[in-house]
Chemist: 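Before anything else, here's the structure in question.
Bear in mind the structure is a predicted one, so any value in this text is a computation, not a measurement. Counting convention: from 1, in listed order, for ligands and their atoms alike.
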Amino acid sequence: MMTFDVLTLFPGMFSSPLQESILGRASQQQLLQVRLHNLRDWAEGKHQTTDDTPYGGGDGMVMKPEPIARAIAELKARAPRSKVLLMTPQGIPFSHQKACNLAQEEGLIFLCGRYEGFDERVRQALVDEEYSIGDYVLTGGELPAMVMIDAISRFIPGVLGCSDSVEADSFSDGLLEYPQYTRPAVFEGMAVPEVLLSGDHGKIARWRREQQLLRTCQKRPDLLETAELDNEDKKILEQLQSKALESDK
Ligand code: 4FV
């Protein structure tokens, strides 16, 4: 069973998102467990202080290293092979592939920051990997931790029902997903592409691959550099690019 330990000053933020739908069911089925820990429990003094003013001056507060060191020591004692992850804008960009890799781990400890972030020695001495979910600044590391737990959990066998699988995901082959349609066949004058009603699975698979390549070309051409493309794909891409050049004329 995959264990997600979360160190945070706001454990309450995690209650509903992780209890609903797929993740809630996966917890009930013991496919994963999320253990929430309030960092303040490892802070000292009657005010259980977890932050202090920055050396060298400046605005905001910095999270103290000692409560974090005590907390991680206790959590690692319970789950020695767990990896400590820090959510920060300075981290490695989180991705589908990173989610897949992290899902192989036995346990993960998520360190959620607040204020201006952590004393640098936390990074140096206590953290295995740092991840960023995007180039913007949030008020805390809790939402990034939830995002990562959700994305990673989808790779745990049995978490996704049989109807949906990570194999069919965007990014699973490095491309964006093809468009999906369901009933009604015509909606506000917009008809479902004929090929999808043809029952010809060969034609449908080719159309879907063309759509993946077209969308990725239009919306995320950067992904084409790393996507797994076979010769058929490359031919389709050439056609798409020559069509695009035509239409530009
Ligand atoms: C963040 C991100 C992020 C920075 C200061 C929490 C905040 C506060 N984490 N991807 N973007 N973290 O903005 O992961 O401690």
Chemist: I want to know if ligand 1 touches Y136 in the polar sense, i.e. an N/O pair below 3.5 angstrom.
Modeler: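 Yes.
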Chemist: Taking only heavy atoms of P144, which atoms of ligand 1 are found under 4.0 Å from at least one of them?
Modeler: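 Here the atoms of ligand 1 in question are 9 (N), 14 (O).
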Chemist: In the hydrophobic clustering (ILVMFWY, side-chain contacts below 4.5 Å, transitive), which residues join L237, or is it alone?
Modeler: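 Same cluster as L237: L175, L213, L214, L224, L229, I236, L240.
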Chemist: What atoms of ligand 1 come closer than 4.0 angstrom to any heavy atom of I133?
Modeler: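 What qualifies from ligand 1 is 10 (N), 14 (O).
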Chemist: Considering the heavy atoms of Y115, write down every atom of ligand 1 situated less than 4.0 Å from one of them.
Modeler: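 Near Y115, the atoms of ligand 1 are 5 (C), 8 (C), 15 (O).
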Chemist: Near D222 CG, under 6.0 Å, is it more than 12 heavy atoms from other residues, nucleotides or ligands?
Modeler: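 Atom CG in D222 is crowded, with more than 12 foreign heavy atoms closer than 6.0 Å.
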Chemist: What atoms of ligand 1 come within less than 4.0 Å of a heavy atom belonging to V137?
Modeler: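 It comes down to these atoms of ligand 1: 13 (O).
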Chemist: Looking at G140, which atoms of ligand 1 are within less than 4.0 Å of one of its heavy atoms?
Modeler: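 Counting atoms of ligand 1 from 1, those under 4.0 Å from G140 are 6 (C).
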Chemist: Any idea which protein heavy atom is nearest atom 14 (O) of ligand 1, and the distance to it?
Modeler: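 I find the closest protein heavy atom is T88 N, 3.3 Å.
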Chemist: Considering G60, P89, G141, which one's heavy-atom position lies nearest to atom 2 (C) of ligand 1?
Modeler: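 Among G60, P89, G141, the closest heavy atom to atom 2 (C) of ligand 1 comes from P89.
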Chemist: Is any side-chain heavy atom of R209 less than 4.5 Å from a side-chain heavy atom of D173?
Modeler: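 The answer is yes; the side chains approach within 4.5 Å.
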Chemist: Within ligand 1, which atoms have a heavy atom of M87 less than 4.0 Å away?
Modeler: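 By the 4.0 Å cutoff, the relevant atoms are 9 (N), 14 (O).
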Chemist: Mark up the atoms of ligand 1 that fall under 4.0 Å of a heavy atom belonging to R114, in ascending order.
Modeler: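 Matching atoms, with element in brackets: 15 (O).
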Chemist: Would E177 and R208 pass as an ion pair if we require N to O under 4.0 Å?
Modeler: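 A salt bridge is absent here (no side-chain N lies under 4.0 Å from a carboxylate O).
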Chemist: Is a donor on one side and an acceptor on the other found under 3.5 Å between the side chain of T216 and the backbone of L176?
Modeler: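 Yes, T216 side chain to L176 backbone: donor-acceptor pair under 3.5 Å.
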Chemist: Check K235 with E238, please: is the shortest side-chain N to carboxylate O separation under 4.0 Å?
Modeler: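 Salt bridge: no.
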Chemist: Quick test: of every protein heavy atom, which one is nearest to atom 13 (O) of ligand 1, and how far off is it to 0.1 Å?
Modeler: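 I find the closest protein heavy atom is L138 N, 2.8 Å.
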Chemist: For Q29, enumerate each residue passing the side chain to side chain donor-acceptor pair (under 3.5 Å) test, keeping only those at least two apart in sequence or located in another chain.
Modeler: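 None.
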Chemist: Are the ring centres of F155 and H96 closer than 6.0 Å?
Modeler: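 Here the rings of H96 and F155 have centres that are less than 6.0 Å from each other.
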Chemist: Looking at R70 and E66, is any side-chain nitrogen of the basic one under 4.0 Å from a carboxylate oxygen of the acidic one?
Modeler: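 Looking at R70 together with E66, the answer is no, because their closest N to O distance does not fall below 4.0 Å.
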Chemist: Short list, please: which atoms of ligand 1 are under 4.0 Å from a heavy atom of Y131?
Modeler: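 Selected atoms, number and element: 14 (O).
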Chemist: Check whether any heavy atom of F94 sits under 4.0 Å from an atom of ligand 1.
Modeler: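 The answer is no: ligand 1 sits nowhere under 4.0 Å from a heavy atom of F94.
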